[in-house]
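Shown next, in structure tokens, is the structure this report addresses.
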Amino acid sequence: MKQPTEQTRNFFQDVYEVVRLIPPGRVSTYGAIAHYLGSRQGARTVGWAMQAAHALSGPEYVPCHRVINRLGLLTGKQFFGSPTAMQDALEAEGVRVVEDQVQDFAQRFWDPAVELQP
DNA sequence: GTGCTGACCACGG
DNA sequence: CCCGTGGCCAGCA
């Protein structure tokens with residue numbers, strides 16, 4: 001029997017919700033989102049969700065350019081239309097990026113587990 | 001149904 | 001810092 005919690009932990013759906021909450025000028029990491037959703041090592045699925053989110057648009061749009069790896073590297077930039085689309089999008093929000101690396105990453109880091117504390 | 005891959009992360013050496 | 005290993009979820013041949 002299914003538990004009363006009919007909510008099917010849609011990892012993708014949860015990821016989209018969290019990524020959409022990332023404010024401009026801030027960046028988050030796959031691991032932080034995965035950890036916030038309860039999957040410490042589920043960061044991989046978060047990256048996969050980003051690729052699926054790339055096809056979304058309108059109210060379902062997800063700012064995947066604000067999600068990078070824990071090192072602050074734009075690992076998914078190659079999945080954007082242009083090799084500089086991701087960096088350009090971040091710089092447009094005031095995030096300095098040099099050689100695919102976010103400057104002041106520690107300050108720009110937006111952790112849902114901390115910012116979205118109940 | 002099985003096996004593998006993937007925009008990753010943590011741990012040990 | 002590098003290297004190797006294990007684990008997570010979803011999609012595809």
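Excluded from the calculations below are hydrogen atoms, water molecules and symmetry mates; all remaining heavy atoms, backbone and side chain alike, are included. Quick caveat, the model's predicted, so the values are computed rather than measured. All chains are named by letter (A, B, ...) in the order of the sequence lines, taking the proteins before the strands, and each is independently numbered beginning at 1.
- Protein atom CZ of A:F12 is 17 Å distant from nucleotide atom P of C:dC8, rounded to whole Å.
- Whole-Å rounding puts the A:Y16 OH to C:dA10 P distance at 11 Å.
- Residues A:V15 and A:V67 fail the side-chain proximity criterion, which asks for heavy atoms closer than 4.5 Å.
- In this structure, the nucleotide among B:dA10, C:dC8, C:dG11 sitting nearest to the side chain of A:R40 is B:dA10.
- When all heavy atoms of A:W110 and A:P112 are compared, the pair lying nearest together is O-CD, 3.4 Å.
- Checking A:L73, A:I68, A:L71 one by one against A:V102, the side chain to side chain contact (heavy atoms under 4.5 Å, CB included) holds for a single residue, A:I68.
- In this structure, NE2 of A:H54 is placed 21 Å from P of C:dA10, rounded to the nearest angstrom.
- In this entry the distance linking NE2 of A:H35 with C1' of B:dC8 reads 15 Å, nearest Å.
- Looking at the side chain of A:F80, the nearest of the listed nucleotides B:dC9, B:dG6, B:dA7 is B:dA7.
- The distance from atom CZ of A:F79 to atom C1' of B:dT5 is 12 Å, rounded to the nearest whole Å.
- For A:G42 and A:W48, each mapped to the nucleotide of DNA chain C holding its nearest heavy atom, the one lying further toward the 5' end belongs to A:G42.
- For the pair A:Q41 and A:L71, both in contact range of DNA chain C, the more 5′-proximal nearest nucleotide belongs to A:L71.
- Under the 4.0 Å criterion applied to side-chain N and carboxylate O atoms, A:R26 and A:E115 are not assigned as salt-bridge partners.
- Under the 30°/60° scheme for interplanar angles, the aromatic rings of A:Y16 and A:F12 are found to stand perpendicular.
- Here the C1' atom of nucleotide C:dC8 and the CD1 atom of A:I33 are 15 Å apart, to the nearest Å.
- Note on A:R44: every side-chain N or O is 4.0 Å or more away from OP1 and OP2 of B:dT5.
- Of the candidate nucleotides B:dC8, C:dA10, B:dA7, C:dA10 has the atom nearest to the side chain of A:T45.
- For A:T29, no side-chain nitrogen or oxygen approaches OP1 or OP2 of B:dC8 to under 4.0 Å.
- The side chain of A:F11 lies closest to C:dC9, out of B:dA7, C:dC8, C:dC9.
- Rounded to an integer number of Å, the gap from A:Q51 CD to C:dG11 C1' is 10 Å.
- Protein atom CG of A:L37 is 21 Å distant from nucleotide atom P of C:dG7, rounded to whole Å.
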